[in-house]
Amino acid sequence: MGTDNQFLAQRREKAAALADLGVKLYANSFQPRHRIAELLPSGEPLQPEEKEAGGAVYRVAGRVMAMRKFGKAAFFSLADSSARIQVYVRKDTVGEEQFAIFGKWDIGDIVGAEGTLFKTKTGELSIHAMAIAMISKSLRPLPEKWHGLTDVETRYRRRYVDLIVTPESRATFRTRVQIIKLIRDFLSDRGFMEVETPMMQPLPGGATAKPFKTHHNALGMDLYLRVAPELYLKRLLVGGFERVFEINRNFRNEGLSTRHNPEFTMLEFYQAYATYEDMMELTEQMISSVCRQVHATMQISYQGNPVNLAPPWRRLTMDQALTEIAGIESSLLADDQQVIEMARQRGIKLEAQAGAGKAKTELFELLVEEQLIDPTFITSYPTEVSPLARRNEENPAVTDRFELFITGREIANGFSELNDPDDQRHRFEKQIAERGEDEEIHPELDTDYIRALEYGMPSAAGEGIGIDRLVMLLTDSPSIRDVILFPHMKPEERTAVVDPELDA
RNA sequence: GGGUCGUUAACUCAGUCGGUAGAGUAUCUGCCUUUUAAGCAGAGAGUCGUUGGUUCGAGUCCAACACGACCCA
């Protein structure tokens, strides 16, 4: 067979040779007693060629990342999840038999080592191995030690390899975990309880988006993967849980891009007796404090451009943004026909039923959005595009809603919740009437949600934050695929080359 | 969906005017007991994304397709 397998064949030969020498290739008996990071700053710094006083014995395990052999001695670098350290192996220390076995080791093998600490001539802290052990034999070569893995497609498809060889990638995903933990802590500290609501829903509600459809065999019914948890979380407000949040996946059956993955992680939270203004306050505090805890500063840069996350953040109504940033005269914005005409002139395609609110929102997206680099709350969204938000008491054409933009991207969306069941029913019905043409978006009246509101939902405000986009911002990642461990990829083309292990 | 660019050894990349495939790392063999992108000497490794076409001859030119990146809708 050939091609792929010069390396596989060589390593299998070595593996067989090791087995002949009585070495277990996939042993489960080596127990490390130390993480490598624990050894690094131990006590007083050693001088070059000095051994650690007391000669304490350390026992570590990890992956062989580099190997430098010298006949009867060798250095290899060993990486565990905490750090890397160099291990020095000498024939006269480990013995002839072990040294012969060591000769069959490869870069990429997972191994254990036990020994004392010393510093080499050149000043690198190292373990002088007294004993070494094979833990798991690697059959495939790792990418090059110097350039690493730069092909983004391979990095996404074989994330395991990326994580082995790309420190930045490991750092990004550690930061992601940290960010999510900080958000959980932030909300828990403020009395929010974390809940899980259905991901498989009979009616996909809570957002205008195309859902994935699936089927329950035993029930003989179609189900949809959720596009948002919103309507379930608000049912919990009805139930008396006054502060709830959920961090979990949503699914949208739409295009892929550097900012869109079919499944993505959303934080949604709801607070009874709060308004959208409280939510803006909370959001400012949450994101800026997460940033400070991650980066020790609120002045960060994203893709080479500075971003200042220090509160307070700018707040503009949509009309103000269109006037101040897009330069549209405020008198024009007051005239519905003029707004629709402006949108048409700019090439925005509007459905026949679309009103000025929709047109205004489209103009905003076209002319303003990407210019909002430092965090900016945009408020007073048209009621027409905000079916779940409470109307403003002075101006019922707009809602008590905001969206947060950073680096030109929508990061969060929040509003005072509509809790009038009759108004909600009317808006759903209007929405259904207007979306009739798009068969992929299934607008159906969620009568149970209306029924829940009829029991009475406290006044409340809620918000959704796109976690992936927030992580992109805080890890300076250009693509959503850089912050999702296993982003969706089209299948690799299956060629005639068959892996030998599958060909047996 | 449209446009541009990319796909060559395990990895990172060259490949001129169309003339039979190159480097570094990695691997293998030999030497080497403090190296660290170890060193020295030698060797092996390729369906040039896939399928067609043009040509005496295609990694190179043309077309379609696949996958990816970027831009646009």
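Note on naming: letters A, B, ... go to the chains in the order of the sequence lines (proteins, then strands), and numbering restarts at 1 for each one. If you're wondering where the values come from, they're calculated on a predicted model, not measured in any experiment.
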Partner nucleotide, any strand, of B:rU7 [Watson-Crick/G-U, under 3.5 Å]: B:rA66
B:rA26 to B:rA63 separation - P atoms, rounded to the nearest Å: 41 Å
A:Thr283-A:Glu463 side chain donor-acceptor pair, cut-off 3.5 Å: yes
Candidates B:rC13, B:rC11, B:rC28 - which lies nearest the side chain of A:Lys14: B:rC28
Under 3.5 Å on both distances, the Watson-Crick or G-U partner of B:rC17: none
Pair A:Asp319-A:Thr317, side-chain donor/acceptor within less than 3.5 Å: no
Flag for A:Asn261-A:His488: side-chain donor and acceptor within less than 3.5 Å: no
Pair of N/O donor and acceptor under 3.5 Å linking B:rU12 base with A:Thr150 side chain: no
Six-ring centre of A:Tyr381, A:Arg401 cation under 6.0 angstrom, axis tolerance 45°: yes
Nucleotide nearest A:Arg157 when distance is taken to its side chain, options B:rU12, B:rU35, B:rC67: B:rC67
Pairwise P distance for B:rG6 and B:rU16, with rounding to whole Å: 13 Å
A:Glu144 side chain, from C-beta outward: closest of B:rU12, B:rU34, B:rA26: B:rU12
From B:rG68, B:rA10, B:rA37, nucleotide with atom closest to A:Lys490 side chain: B:rG68
Identity of whatever pairs with B:rC61 - Watson-Crick or G-U, under 3.5 angstrom: B:rG53
Separation of the P atoms in B:rG2 and B:rG24, to the nearest angstrom: 43 Å
Gap in Å between the two P atoms, one belonging to B:rC13 and one to B:rA21, rounded: 23 Å
Polar contact flag, side-chain donor to acceptor under 3.5 angstrom, A:Gln6-A:Arg11: no
Nearest heavy atoms of A:Arg84 and A:Ala79, plus distance in Å: CG-CB, 3.6 Å
Closest-nucleotide ordering on RNA chain B, the 5'-leading residue of A:Thr120 and A:His488: A:Thr120
P gap between B:rU8 and B:rG68, integer Å: 15 Å
Of A:Leu366 and A:Gly123, the one whose closest RNA chain B nucleotide lies more 5': A:Gly123
Closest to the A:His147 side chain, choosing from B:rG68, B:rU12, B:rA10: B:rU12
Minimum-distance nucleotide to A:Gln6 side chain [options: B:rA45, B:rU35, B:rA26]: B:rA45
B:rU33: pairing nucleotide in any strand, Watson-Crick or G-U under 3.5 angstrom: none
Any side-chain donor near an acceptor of the partner, A:Asp476 and A:Gln303, under 3.5 Å: yes
Closest nucleotide among B:rA69, B:rU33, B:rC67 to the A:Glu153 side chain: B:rC67
Separation between the C1' atoms of B:rC48 and B:rG18, rounded to whole Å: 15 Å
Minimum-distance nucleotide to A:Phe7 side chain [options: B:rA10, B:rU35, B:rU34]: B:rA10
Nucleotide nearest A:Met489 when distance is taken to its side chain, options B:rC70, B:rU34, B:rG68: B:rG68
N/O donor-acceptor pair, side chain A:Gln86 with base B:rU35, under 3.5 angstrom: yes
Presence of A:Lys91 side-chain N/O under 4.0 Å of B:rU33 phosphate oxygens OP1/OP2: no
Inter-nucleotide C1' distance (B:rC17, B:rG57), Å rounded: 15 Å
Counterpart base for B:rC28, defined by Watson-Crick or G-U wobble contacts under 3.5 Å: B:rG42
Nearest listed nucleotide, side chain of A:Arg481, among B:rG44, B:rA69, B:rU35: B:rA69
